[in-house]
Amino acid sequence: MDLVLNVADYYFLTPYVYPASWNEDEPFRQLLSLFLVTNLGAVIIYLLFGALSYYFIFDHSLMKHPQFLENQVRREIIFSLKSMPWMSIPTVGLFFAEVRGYSRLYDNIDSSPYGWFGVILSMFSFLFFTDMCIYWIHRFLHHKLIYKNVHKPHHLWKVTTPFASHAFHPLDGFLQSLPYHIYPFIFPLHKVTYLGLYIFVNIWTVSIHDGDYRVPKMFESIINGAAHHTDHHLYFDYNFGQYFTLWDKIGGSYKNPSALEGNGPHDLCKKLEKEKNANVKKSN
C-alpha cells in the first residue's frame with residue numbers, strides 16, 4: 001500500500017491537501033491518508049466493476065424472481081457504501097503496519113528467493129491460503145450465535161446482483177477480508193503483485209454475485225463461481241468457499257449448483273414467465 005500512498009502524496013495530498021510542514025512519514029498523516037485512499041479506492045472499484053457487471057453481464061430477468069426484493073439494487077448500493085468506511089478502519093491499521101515495514105512485502109523481483117518463479121508461486125499460494133481461511137471464517141459466521149447480528153444482512157439478498165458483492169455488515173466484511181491482509185505478514189509477496197491480487201479479489205467478489213454461471217465444463221466442480229455462490233445465498237448451508245470447491249468438499253458442505261441442474265433462479269423465472277403467458281392466452 002506504500003506504493004499507492006506515495007503516488008497519492010506526490011500528485012495530490014502533498015501539493016493540494018496537507019500543509020508543507022506536515023511530513024509525509026508522520027504516522028498520523030499516514031493513517032489519515034490511508035483511510036482516505038482506502039475508501040476512495042474501494043468505492044471506485046465497487047461502483048466501477050459493479051456497474052460494468054450489472055449493465056453488461058447480469059441478467060436483468062432475474063429481477064422478476066419472487067425473492068428479488070423491491071428496490072434491491074438501490075438498497076445493496078446504499079448498504080455497501082454505508083459499511084465501507086467502518087470496514088476500512090481495522091483494514092487501515094493493517095495497511096499502516098505494511099507501510100511502516102512490518103510485513104514481508106518487497107519491491108524488487110531480485111528480493112524474491114525464487115525470482116519470477118517465486119512471484120508466480122505466490123499468486124497461487126495467496127489464492128489457496130485465502131480460500132482456505134475464508135472458508136472457515138465464513139462457516140464461523142454461520143454459527144447461530146454469530147449469524148443473526150453479523151452475517152445475516154448479507155443473506156438478505158437471496159437473488160443477488162453484482163452490487164450485493166460488498167453489502168456486508170462491517171465486521172463481517174472485515175473478517176472475510178482478513179486473510180488477504182494477513183498473507184503478506186506471513187509470506188513474502190511482491191508489492192505490485194499484492195495490489196493486482198487486491199483488485200482481482202474485489203472483481204471476483206463482484207463476479208460470484210452477478211448471476212452469470214458460465215464456467216468451462218471441466219472446471220464446474222472445481223471453481224466456486226456464481227452458480228455455487230447463488231446456492232449459498234438460496235440454501236444457506238452450502239458452498240462457503242471463495243474461489244474453489246476444495247474446502248466445501250473436505251468440510252462436507254459442497255452442493256452441486258442447482259443452476260447447472262436446470263433448477264436455478266433463471267429456470268424459475270422462465271417457468272413463471274411461461275405460466276404468465278399461458279394464463280394471458282387463456283384469458284384472451
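For the numbers below, each heavy atom of this structure counts, side chains included, while hydrogens, waters and symmetry mates do not. Model, not experiment: these values are computed from the prediction.
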* L105 side chain near H190 side chain, heavy-atom distance below 4.5 Å -> no
* Asked: With distance as the sole test, does R139 use its side chain to make a donor-acceptor pair with the main-chain N or O of G251 at under 3.5 Å?
  -> yes
* To do: Describe, in one word, how the ring planes of H181 and Y198 are oriented to each other, choosing from parallel (under 30°), tilted (30 to 60°) and perpendicular (over 60°).
  => tilted
* **All side chain to side chain donor-acceptor pair (under 3.5 Å) counterparts of K152, not counting sequence neighbours** => none
* **Selection residues 200-220 - residue pairs positive for salt bridge (Lys or Arg N to Asp or Glu O under 4.0 Å), sequence neighbours left out** => D212-R214, K217-E220
* Taking Q72 for its side chain and L69 for its backbone only, find out whether a donor-acceptor pair lies under 3.5 Å. => yes
* Whether over 12 other heavy atoms sit under 6.0 Å from K249 NZ -> yes
* To do: Step through the shown structure and confirm whether more than 12 heavy atoms of other residues, nucleotides or ligands are within 6.0 Å of CZ on F200.
  => yes
* With sequence neighbours left out, write down each residue that passes ring pair (Phe, Tyr, Trp, His ring centres under 6.0 Å) with H65, or none if nothing qualifies. => none
* **Distance-minimising heavy-atom pair for F58 and T160** => CE1-O, 3.5 Å
* Do the side-chain N and O atoms of H209 and H229 include a donor-acceptor pair separated by under 3.5 angstrom? -> yes
* To do: Please name all residues satisfying side chain to side chain donor-acceptor pair (under 3.5 Å) with D248, sequence neighbours left out, ordered by chain then number.
  => S253
* With sequence neighbours left out, what residues match K255 under salt bridge (charged side-chain N to carboxylate O under 4.0 Å, His left out)? -> D231
* **Pairs involving residues 106-120, ordered by first then second residue, that meet salt bridge (Lys or Arg N to Asp or Glu O under 4.0 Å) (sequence neighbours left out)** => D107-K191
* Any chance you could measure F79, atom CZ, to E76, atom CD, to the nearest 0.5 Å? => 10.5 Å
* Asked: Can you say whether the rings of F236 and Y147 are parallel (under 30°), tilted (30 to 60°) or perpendicular (over 60°)?
  -> perpendicular
* Asked: Does anything in residues 41-59 pair up under salt bridge (Lys or Arg N to Asp or Glu O under 4.0 Å), and if so which pairs, sequence neighbours excluded?
  -> none
* To do: Mind checking side chain to side chain donor-acceptor pair (under 3.5 Å) for S33 and listing every partner two or more places apart, or none if nothing turns up?
  => Y18
* To do: Would you check if the distance from the ring center of Y46 to the ring center of H166 is below 6.0 Å?
  => yes
* Can you sort out the partners of F49 under ring pair (Phe, Tyr, Trp, His ring centres under 6.0 Å), two or more places apart, ordered by chain and number? => none
* For the side chain of R104 and the backbone of F185, is there at least one donor-acceptor N/O pair under 3.5 Å apart? -> no
* Asked: Which pairs with one or both residues in residues 120-133 pass side chain to side chain donor-acceptor pair (under 3.5 Å), sequence neighbours excluded?
  -> S125-Y183
* Asked: What pairs with Y243 under ring pair (Phe, Tyr, Trp, His ring centres under 6.0 Å), at least two apart in sequence or on another chain?
  -> W204
* Any chance the rings of F129 and F187 have centres within less than 6.0 Å? -> yes
* W22, CH2: over 12 other non-hydrogen atoms inside 6.0 angstrom -> yes
* Asked: Any donor and acceptor pair, going by atom type alone, linking the side chain of T38 with main-chain N or O of F35 inside 3.5 Å?
  -> no
* Which residues pass the side chain to side chain donor-acceptor pair (under 3.5 Å) test with D172, sequence neighbours left out? -> H151, Q176
* **OH on Y102 to CZ on F96, rounded to 0.5 Å** => 8.0 Å
* Asked: Do you see a donor-acceptor pair shorter than 3.5 Å between the side chains of N224 and T245?
  -> no
* To do: Tell me yes or no: between the side chains of T14 and R29, is some donor less than 3.5 Å from an acceptor?
  => yes
